[in-house]
Every structure is written in structure tokens, then in C-alpha cells.
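I have placed the structure first, in the form of C-alpha cells, so that the comments after it can refer back to it.
Values reported hereafter were calculated over all heavy atoms of this structure, with side chains retained and with hydrogens, waters and symmetry mates removed.
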Amino acid sequence: MQNVLTFTKTLILLTVFTAPLYTAQSYAHTEASKDAVKEKESQANERSLGTISVQGVGAIDVTPNAYSVTFIVEEQGTTVSKLSGQLENELTSIVSFLLEEGIEERYIQSMQVRLSPRYNNTPQGREQDGFTLSREIAITSTDLENYDRVLDGVLKRGVDRIQQFNFINMGEASVYQKALVTAVADAKNRAQLLAKELGVEVGEVVAISESGGNMPIPVMRADTFSKEMSLSLPGQESVNARVNVTFNINQ
């Protein structure tokens with residue numbers, strides 16, 4: 001019994017004196033790791049002198065292989081149901097014509113409808129005078145040689161306005177990705193050129209963002225648009241991409 005008590009006391013003493021030893025070793029290891037991280041950060045800060053921000057531009061020239069256009073059909077009157085019936089007749093005639101011209105049904109969209117009240121200024125004030133009901137018909141076609149005949153045909157079937165006519169490339173998404181890659185390479189070259197003139201080196205990328213947009217397309221009356229398009233040719237178009245990139249400057 002006395003031997004058991006002696007062994008237990010010895011084990012307790014070992015536990016009491018050993019535990020702080022492991023705690024101290026763990027603390028020392030953690031502090032050493034923190035010091036190493038701080039030293040690396042300090043060295044990185046010493047090497048970094050600031051940043052260089054540039055804009056890279058990429059452009060790929062493509063030949064349009066299709067066109068897209070939106071037609072507007074409008075009717076004005078005092079009864080919505082009557083206006084809807086009139087537009088439905090015109091829409092049926094226009095869509096039938098487009099299908100006859102070889103435009104696929106999946107490339108014809110005619111679901112957009114707009115209804116707005118009309119107002120007149122009278123001696124008694126501004127008074128409502130019926131409604132304007134309009135339908136949009138958007139199409140895409142790869143038959144570039146046929147677009148003038150399509151325009152003439154829809155004008156004869158009640159189209160009031162033509163807007164958003166574009167010569168497009170059906171594979172423009174993949175072309176834009178190539179332009180984007182070119183823009184990134186251009187940004188890197190610009191940064192390296194500036195750094196060389198300054199006697200420094202380009203470091204890692206700090207920030208990068210994509211920028212770009214589309215130019216607004218004017219809305220034209222149908223008869224004017226038809227005359228303007230009579231001598232138009234698709235030619236080539238440039239697909240552009242722009243990126244803003246910021247690099248660290250190293251010694």
C-alpha cells in the first residue's frame with residue numbers, strides 16, 4: 001500500500017512539472033513562426049516601391065456573318081381589344097412573310113407588348129385620349145444578301161419603326177474571349193515598358209478588372225432607315241476588350 005502511494009505521488013509530481021515544459025515549448029514555437037511571417041512581410045514591403053496601373057486593350061477583327069433587327073408595330077385607338085386584334089393581324093402577316101424568306105422560327109421573337117395611354121392638351125387641361133399599343137418583332141438571320149428584301153417586305157405589312165439594326169458575328173462570344181486574352185497581354189507589356197523606363201521591375205498583380213460597353217443605337221423611322229440601308233455593306237467589325245490591371249513595383 002505504501003509503495004502504491006509513493007508511485008502516485010511521483011506521477012503527480014511528474015505531471016505538475018512536465019506540463020509547463022510542453023506549454024513553454026509550444027509558445028516558443030508559435031512566437032518563432034510569427035517572427036518568421038513578420039520578417040517575410042517586412043522583406044516584401046522593402047522590395048515593393050508602390051504600384052503601376054495600366055489599361056490593356058485587345059481587338060480582333062471579324063467579318064459579320066449575320067444581322068439582327070427589331071421591328072415595331074403600333075396602333076392607336078380607344079379600345080384595347082380592338083387595337084390588339086389589329087396588331088395580331090399585322091403580326092401574323094409579318095411573321096408569315098419572315099418564315100417564307102427562310103428565317104427560322106427560333107430566331108423570331110414577338111412576345112414584347114407595350115400599352116400606354118395617350119393624352120391631349122385641351123383648354124380644360126390634359127385629358128386622356130385612348131391608348132397606344134405596340135409589339136416588337138426581333139429577328140436574327142444569317143442571309144446577309146437578303147436583308148434589304150426583308151426590310152422592304154415588312155414595311156409593306158405594317159411595320160412603323162425599325163430599330164437596332166446590327167451586322168453581327170454569330171460566334172462573337174468566343175471572339176471576345178480572344179480579345180480579352182489579348183487585352184491582358186497588352187496590359188502586361190505596357191506595365192513592363194513603364195517599369196523599364198523607371199528602372200524598376202514589375203511585381204505580382206494586385207488588382208484586375210474588366211471594362212467595356214456598347215454604343216447606343218439610334219431609333220429611326222422605317223422609311224428613313226430603309227433608304228439609309230440601301231447602300232450599306234457589312235465589311236468588317238472590331239471586337240474590343242479592355243482590362244484595368246494594377247501591378248506591384250519591385251526593386
**OP:** Hey, could you give me the CD1/CZ distance between Ile139 and Phe71, rounded to the nearest 0.5 Å?
**Re:** 4.0 Å
Subject >> CE on Met111 to CD on Glu136, rounded to 0.5 Å >> reply: 12.5 Å
**OP:** Using a cut-off of 6.0 Å, state whether more than 12 heavy atoms not belonging to Gln55 lie near its atom CD.
**Re:** yes
Subject >> Backbone N/O of Asp129 and side chain of Arg118: donor-acceptor pair under 3.5 Å >> reply: yes
Subject >> Point-to-point distance, once rounded to the nearest 0.5 Å, from CG of Asn240 to CD1 of Ile60 >> reply: 9.5 Å
Original post:
How far apart are the closest heavy atoms of Gly158 and Val73, and which atoms are they?
Top reply: O-CG1, 3.7 Å
Original post:
Can you name the closest pair of heavy atoms from Ile137 and Ile108 and give their distance?
Top reply: CG2-CG2, 4.2 Å
Original post:
Heavy atoms, side chains only, cut-off 4.5 Å: are Leu133 and Ser84 in contact?
Top reply: yes
Subject >> Ionic contact status for Lys82 with Glu75, cut-off 4.0 Å >> reply: no
**OP:** With salt bridge (Lys or Arg N to Asp or Glu O under 4.0 Å) as the test, would you mind laying out the steps for Glu201 and Lys196 before giving the verdict?
**Re:** CA-CA 7 Å; Glu201 293 182 357; Lys196 182 178 179 181; over 6 Å; no
Subject >> Closest non-hydrogen atom pair between Ala191 and Ile52, with its separation >> reply: O-CD1, 4.0 Å
Subject >> Check against side-chain hydrogen bond (donor to acceptor under 3.5 Å, both in side chains), Thr246 and Ser53 >> reply: CA-CA 4 Å; Thr246 300; Ser53 296; 3.0 Å; yes
Original post:
Has the side chain of Arg126 got a donor or acceptor atom that lies under 3.5 Å from a matching backbone atom of Thr122?
Top reply: no
Original post:
Between Leu91 and Val80, is there a shared hydrophobic cluster once you connect ILVMFWY residues whose side-chain heavy atoms come closer than 4.5 Å?
Top reply: yes
**OP:** With rounding to the nearest 0.5 Å, note down the distance linking CD1 in Ile72 to CD in Gln164.
**Re:** 8.0 Å
Original post:
Is any side-chain N of the basic residue among Arg190 and Asp186 closer than 4.0 Å to the acidic one's carboxylate O?
Top reply: yes
**OP:** Answer yes or no: is there a donor N or O on one side and an acceptor on the other, between the side chain of Ser93 and the main chain of Asn89, under 3.5 Å?
**Re:** no
**OP:** Say whether, by atom type as modelled, one donor and one acceptor occur between the side chain of Asn248 and the main chain of Val206 under 3.5 angstrom.
**Re:** no
Original post:
Side chains of Thr142 and Tyr67: closer than 4.5 Å at any heavy-atom pair?
Top reply: no
Original post:
More than 12 heavy atoms of other residues, nucleotides or ligands under 6.0 Å from CD of Gln128: is that the case?
Top reply: yes
Subject >> Heavy-atom closest contact (Phe247 atom, Lys188 atom, distance) >> reply: CZ-CA, 4.0 Å
Original post:
Applying the 4.5 Å side-chain criterion to the ILVMFWY set and letting contacts propagate, would Val54 and Ile208 be lumped into a single cluster?
Top reply: yes
Original post:
Parallel, tilted or perpendicular for Tyr147 and Phe167, by the 30°/60° rule?
Top reply: perpendicular
Original post:
Rounded to the nearest 0.5 Å, what separation is found between the CG atom of Leu180 and the CZ atom of Arg242?
Top reply: 12.0 Å
**OP:** Kindly work out whether a path of hydrophobic side-chain contacts (I/L/V/M/F/W/Y, heavy atoms less than 4.5 Å apart) joins Val205 to Leu194.
**Re:** yes
Original post:
Under 4.0 Å between a Lys/Arg side-chain N and an Asp/Glu carboxylate O for Glu74 and Arg135?
Top reply: no
Subject >> Criterion side chain to side chain contact (heavy atoms under 4.5 Å, CB included) on Ile162 and Leu151, from CA distance to verdict >> reply: CA-CA 9 Å; Ile162 297 177; Leu151 295 180; 3.8 Å; yes
Subject >> Residue pair Ser68 / Thr140: nearest heavy atoms and the distance that separates them >> reply: CB-OG1, 3.9 Å
Subject >> Within-4.5 Å side-chain heavy-atom neighbours: Glu127 and Asn120 >> reply: no
Original post:
Looking only at heavy atoms, which two atoms of Phe97 and Val154 are closest? And how far apart?
Top reply: CE2-N, 3.8 Å
**OP:** Using a cut-off of 6.0 Å, state whether more than 12 heavy atoms not belonging to Glu105 lie near its atom CD.
**Re:** no
**OP:** Answer yes or no: is there a donor N or O on one side and an acceptor on the other, between the side chain of Ser141 and the main chain of Asp143, under 3.5 Å?
**Re:** yes
**OP:** Please check if Leu115 and Val113 belong to a single hydrophobic cluster, counting links between Ile, Leu, Val, Met, Phe, Trp and Tyr side chain heavy atoms closer than 4.5 Å.
**Re:** yes
Original post:
Does the side chain of Ile168 reach to within under 4.5 Å of the side chain of Pro64, using non-hydrogen atoms?
Top reply: no
**OP:** Under the salt bridge (Lys or Arg N to Asp or Glu O under 4.0 Å) rule, what do Arg149 and Glu101 come out as? Steps first, then yes or no, please.
**Re:** CA-CA 9 Å; Arg149 189 163 67 249; Glu101 290 298 318; 3.2 Å; yes
Original post:
Taking atom CD of Glu88 and atom CG of Leu83, what is their separation to the nearest 0.5 Å?
Top reply: 13.0 Å
**OP:** Check whether Leu99 and Leu155 end up in the same hydrophobic cluster, where Ile, Leu, Val, Met, Phe, Trp and Tyr are linked by side-chain heavy atoms less than 4.5 Å apart.
**Re:** yes
